[in-house]
Structure formats: C-alpha cells, structure tokens
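Labels below follow one simple rule: chain letters A, B, ... track the order of the sequence lines, proteins then strands, and each chain is numbered from 1.
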There are 2 protein chains.
Amino acid sequence: MNDSAVEASSKETSKQGLPRLADVAAHAGVSSKTVSRVVNNEANVRPQVRAQVLRSVAALGYRPNAAARALVTQRTHQIGLIATASSLYGPTAGLFSLEQAAWKAGYGLTLTTVQEASEAQLGEAIHYLMVRGVEGVIVSGVAGVLHLGTSTLADMPLVSTSPITTESAKHVLVDSDQVAGTRAAVRHLYNSGHRLIAHLAGPLGWDSAARRRDGWRLELEDLGLHPGPLLEGDWSPRSGYEAALTLDRTAATAIVVANDHMAMGAIRAFTEKGLHIPDDMSVVGFDDVPEAAYQIVPLTTVRQDFSSVAERSVHELIQLIEGRPAEETCIHLPTELIVRASTARCFGNPN
Amino acid sequence: MNDSAVEASSKETSKQGLPRLADVAAHAGVSSKTVSRVVNNEANVRPQVRAQVLRSVAALGYRPNAAARALVTQRTHQIGLIATASSLYGPTAGLFSLEQAAWKAGYGLTLTTVQEASEAQLGEAIHYLMVRGVEGVIVSGVAGVLHLGTSTLADMPLVSTSPITTESAKHVLVDSDQVAGTRAAVRHLYNSGHRLIAHLAGPLGWDSAARRRDGWRLELEDLGLHPGPLLEGDWSPRSGYEAALTLDRTAATAIVVANDHMAMGAIRAFTEKGLHIPDDMSVVGFDDVPEAAYQIVPLTTVRQDFSSVAERSVHELIQLIEGRPAEETCIHLPTELIVRASTARCFGNPN
DNA sequence: TCTACTTGATCGCGCTGCCCG
DNA sequence: ACGGGCAGCGCGATCAAGTAG
C-alpha cells in the first residue's frame, strides 16, 4: 500500500472537505504556525517535530490552500499564457514545454486566448489574467507587434515572441532567430546553384513572418542577387497550395517557404503542375514538424527548437517576476537547417 | 493608532498597489459592501448609487482580487486541464476550443501535464489542480483507462476522453466515436473491393488506439472477413514508417492507420518499397490534420471534430460543477470519412 | 545570566454572507 | 427597497514566550 495514502479520515473540517492547517496541527499536537513552518520548509523546527508534522500531513492528505496563501503572501506563483486561438504547429509545440518548465520552477499556468494582437484584446487578456492573480505573462504565437499602453500593463513582467513597443524593463523577447533561419535556407540554395529564389511568406502582419521574409531578402542582397517573387500565405497548407499555383515556373528554381505546412501545400501544387520536386523546383520549409521527414519527398527545412524557446521564456519571466532585471531584452535562439530531399542542385546555373 | 477609515480618499492603497474594494467605497462615498453588491450584480442597489460606484470602479481601475474572493466563496471558476506532454495533433487541436468554451462560460483554464495515465500521476495532477482551487477537471489525450481511487478524487467533477473505472456520478466521457470511425474506413475499403485490410494501430495502451483497432476488427468480422495484419506504432510519423516497412506486400491491399501522421510515414515507406499509392496499396488515416488534403497523394481519412469534443466537454463539466447530474455518462461524437486520393478500387477482387 | 534555538497566540490579507437598521 | 456593520474564509507574519546549554 501507499504510505502517503490520501484517505480522508473522519475528523477534519473545511467547507470543501479538505483538511486545513489547523487540522494538521491538531493531529500532530502542535500549533498551526509550526505546521506552516514545516510546510514552507522554514528553519528552526526540531527534526522530531518536523517528522511528526510531516506524518500528519501525509495521514490527512493535507495540501495548502492556494487562495488563502495567495491572499496573505500576495504571491500566486501563477503564470499567464496568452496565445492566439489556432492549432498552428508552432504555437502549440512549445505549450507543454512551457507548462513543464513552469511546473519545475513551482509555477502554475493559466491559459487564455486572443483573436488578434490588438492592444484592446491584449489588454483585456492581461487584465483577465491579473484578476486571476498571475505574476507574469507569456505571449506566444501572436500576430504582430505588441502595444501596451497603460502603466499597470507595462508593470507586468512579460515575455513575448513578438517585439513590444512599450518601454519597460520588464518586457523581454524570446524567440527563434527567424532571420538567421531563412538566411541559412537561402545560402543552402545558393550553394546548390540556385539564383532565382522565391519566398512564400506567412501572413506579413505576423512579426515572425516578416522576419523570415527579411532574412530571405537580406541574404539575397548580401549574395548580390535580386529577390525572386514574394508570395504570401496564411500559414495553412491550403494557402501554400494556392500561392504556389500562381508562381510562374520560370520565375524561380527554388522557394523558401515560411513554414512546413505551407511548403507541403506548395509541393502538392507544383506536383499538380507537372513539376518534379526537387529536380524542377527546390523547396525549403520552416519548423521541422514531425511529419516533414516522412513526406514522399522528405522536406528540407529550418528546425526551430520550440522547447528551448519555451524553457528560456519561462526562465526569463521568472527572473523578471523575482525582481532580477533582464540582462538581454531580445533573445534569439538558434535554428538549424535540416537538409533532406526537397532541395537539389540547380543545373541551370553550374556554379 | 491607525485611522484607516478615511485616509484613502483619492489615494488608493494595497500591497500590490492595486485598488481594493474599500478604496472604491471611499471614492464613491458608500460602504464596501455596496461596492461588492454592484460588482457582483446583486439586486437592491439604487441605479444612481450603482452608477456612481461603477464610475469609481472605472476611475480607479478596480478589479476584484480573485484569491480573496475564492477564499470566502469557495468558488474559483477555474477548470483544470490535464494533458499528456506531447505535441500530438489530436490533444492540442481541441485545446484552444476548450479555453474559449470555458471563457464563454465564465471559467478560467489551468493547465498541467502528466507523463502517463498512472493513478499516481493522475492523482498528483488532480491534487495539484485542487490546491489551485479548480472546480472540475478535463483529462485530454491521456493514454489508458483512468483509475481514480480515493474519495476526494472521485468527488471531483471530471470529463475525460478516456474511460474511468471509478464509480462516480461526477465522471463523464466525451470523445469522438472511434469505433464508428475505423468501421467507416473499413467499409469504404470493402466497398472498393478490398478484402485484405491491415491495421496500423496507435500505442495500444491508449484507449483511443484500442478502440480504433476494435472498430477495424468488428467491421471486418461483420463483413465476414478475417482481420489482416495488425501493426502497432506510437502515433509518430517515424513509427508509421517503420511499421509499414515490416508489412509484407502480399499480406494486404489496404491499410487503416490510426492517425494521419503515421499514415504519412507509412505512405513514405510504401513508396520506398516501390509500391504506388493508391494503386498498389490503399491507405486511410485518422484525424484529418490540415496538411492531409495537401499531401502529394491527398490522404483519405476519418475526420474528428475536435472543437465539438472540446465544447461538449466543457459543457458537460460545467453541468457537473453546478450540481446537475449527467444525463449520459458516455458521449460519442460522430466522425466523418473524407475520401481523397490515397484509396482506390482494388482490381484484385472484382466485386 | 545570557545566547541560541524552538514554539505559539494573535492579527489581518480582501472579500462576501449574514443580519441588522 | 436599500445600505451598512461585522465576522471569518485559511494562511503567514510578527513578536513574545518558552527551553536548553
């Protein structure tokens, strides 16, 4: 049997039926303050007493009441997460890492969603979370640049994957290095002989989409090349398919796509048009979703490390919450180019 | 000593710097109880007074303190979500629907994760959530059958996508009708002339995987057919790829795969072995992930309506929380077979 | 006696429920 | 019909009191 059995014995009371500090104290024959000391791992309790209290805690299945504790300490150890309501791979991939990192650090996660990154919706979301007592906020996978007007909002520790206009020492950006990601993709294509390199961007209202486009353009310029056609999708496979259908086959020999799912749609479209991947068209995705490696044409892509972003976000946020100022306010984590079979040497340009 | 009465006419105080009920009361020139009435929309407040209080609330930017309120009312309007830590499409797809449904109903969502569906981990997770004051729990995307031993756990309103052994009027199952899903897939293949129909299952420790396998087997039996080979993966594209590699090409002309991502891996494997999809092998997936329609061979699959499952789950949970007993304890929502290009008529069996 | 350690009584966090005028 | 006083939810903090060396 379980020695820490959670069996409700007969005596203790509480409106919820859960045992309280006082019940443990009575059971252990000490004062409630002593129980509090033990529960909070304070010093200056005799090992004997501590052990006895611990035994009573286990016997009664006592758990401290978070509301009461929050009321008196003014601390909730809760983090709020604001996400855009969508099942995009990127935003959801880091979610559980976020929760686990928070959990390890002793924080809980309260989730809320917004439709768009307007100041109004963001403000509403943050207030919603403040009412619930969160001590900091992570904004993940939200479209644009964040504007936070009022002082109470600016005072809230906040980590975001999008840049924030508000001047505040309590705001930090943590994200993959999008620019470096598409730069690497372009360089890979260039080294394979491609000179006409298109880009299929995500919705350019999203900061991450804009930054991926910038990386593509910047690298091309550094290479002395003119940017190829620029298309725009909405992250969905369908939009990738539709955008790729509009691409003139003579306009590019390769395309950098802003995420894997649009890349899959694009490959489907190219295939329908009779182009062979990669011989007639090289395609690079972004994200490295799990199925990317197992497409009929395994996808060359830029891998993002979503867990690292999540863990770093939680880490930085907790620093902020606990009053340590951020050392860097913009943290870009590396991406990695994964070369598979959707890119090939371009023989049109034997370089 | 402390003339705490009327110090705060226009200078609100509180440890967090946030205004309290008493500050609003002072500002509006009423008692704090009256402010409480207004904030909680209680009756018996003159419109004039109500308006004045509302004005003060707005002027001070007052938001009620959730911890204090929870402490006294024993209600938090928080729902806990227990999920398995993984970025599987299914579990995450319904997540934001869950949050939005909860939000609409006036509840917040607290997230936690478990590694496996053991009683110990689940009990731990539920306790973690109880401490945080959740009034009900949704268990989503967790592997096996749930065993909840102790009485405090059995008393917690709980909605799950997995069956629960515990006898409790407060536990409800809401999920897609997995059995009907794979049954429909098998029937579709049968109607296309297939007689050798294999199954690539998810990890059979997962209840949903077991139920999908059952549907496959049951339909086959109803059709008077022997079940074809049964393979098992772990939901990942890689596992689908590896499992499909082991399938003897004479053993089946079609395969029902327990999710789309394994189906993609399987298609990749078949393609490598020189089989053409769908001519040499028909493949049916499960889920209808967004990219399924945009594969080079668009995937025939069984669509699950994750938002409906999520919304229904929240609905049922709130019924339970508010003391209305469940009318049904097992709710299965319909799935839909989406026929695309990965299945074709089997000419080996001209039927 | 003094110091170091250990324990307990009392109060109040911000809010709502009860009961009163 | 309307508004206010007061108690107390469960916990941690303060400070005083107790025990041993």
Note the angle between the end axes of the helix from C/dC2-D/dG21 to C/dG21-D/dC2, five pairs defining each, rounded to 10 degrees. 50°
Who passes side chain to side chain donor-acceptor pair (under 3.5 Å) against B/Arg132, sequence neighbours left out? none
Below 3.5 Å is the cut-off: list the nitrogen or oxygen pairs between protein and nucleotides 11-15 of chain D, distance only.
from   : atom 1 : to      : atom 2 : distance (Å)
D/dC11 : OP1    : A/Tyr62 : OH     : 2.6
D/dC11 : OP1    : A/Asn65 : N      : 3.2
D/dC11 : OP2    : A/Leu21 : N      : 2.5
D/dG12 : OP1    : A/Asn40 : OD1    : 3.3
D/dG12 : OP1    : A/Asn40 : ND2    : 3.0
D/dG12 : OP1    : A/Arg69 : NE     : 2.8
D/dG12 : OP1    : A/Arg69 : NH2    : 3.2
D/dG12 : OP2    : A/Ser36 : OG     : 2.9
D/dA13 : N7     : A/Lys33 : NZ     : 3.1

Every protein N/O lying under 3.5 Å from an N/O of nucleotides 3-6 of chain C:
from  : atom 1 : to      : atom 2 : distance (Å)
C/dT6 : OP2    : A/Asn44 : OD1    : 3.2

Indicate whether OP1 or OP2 belonging to C/dT7 is found under 4.0 Å from a side-chain N or O atom of A/Thr34. no
At under 4.0 Å, does any side-chain N or O of B/Ser31 touch on OP1 or OP2 of D/dG3? no
According to side chain to side chain contact (heavy atoms under 4.5 Å, CB included), who are the partners of A/Ala70, at least two apart in sequence or on a separate chain? A/Thr76, B/Ala67
Could you work out, with salt bridge (Lys or Arg N to Asp or Glu O under 4.0 Å) as the rule, every residue matching A/Glu311, not counting sequence neighbours? none
My understanding is that only residues two or more places apart in sequence, or in another chain, count here; which of them pass side chain to side chain donor-acceptor pair (under 3.5 Å) with B/Thr329? none
Residues that B/Glu99 engages under salt bridge (Lys or Arg N to Asp or Glu O under 4.0 Å), provided they are two or more places apart: none
Considering only residues two or more places apart or on different chains, which pairs with a residue in residues 28-77 of chain B satisfy ring pair (Phe, Tyr, Trp, His ring centres under 6.0 Å)? B/His77-B/Tyr107
Which residues pass the side chain to side chain donor-acceptor pair (under 3.5 Å) test with B/Glu316, sequence neighbours left out? B/Arg312
Restricting to side chain to side chain donor-acceptor pair (under 3.5 Å), what partner residues turn up for B/Ser308, sequence neighbours left out? B/Asp305
For B/Ser56, side chain to side chain contact (heavy atoms under 4.5 Å, CB included) partners two or more places apart: B/Val24, B/His27, B/Ala28, B/Gln52
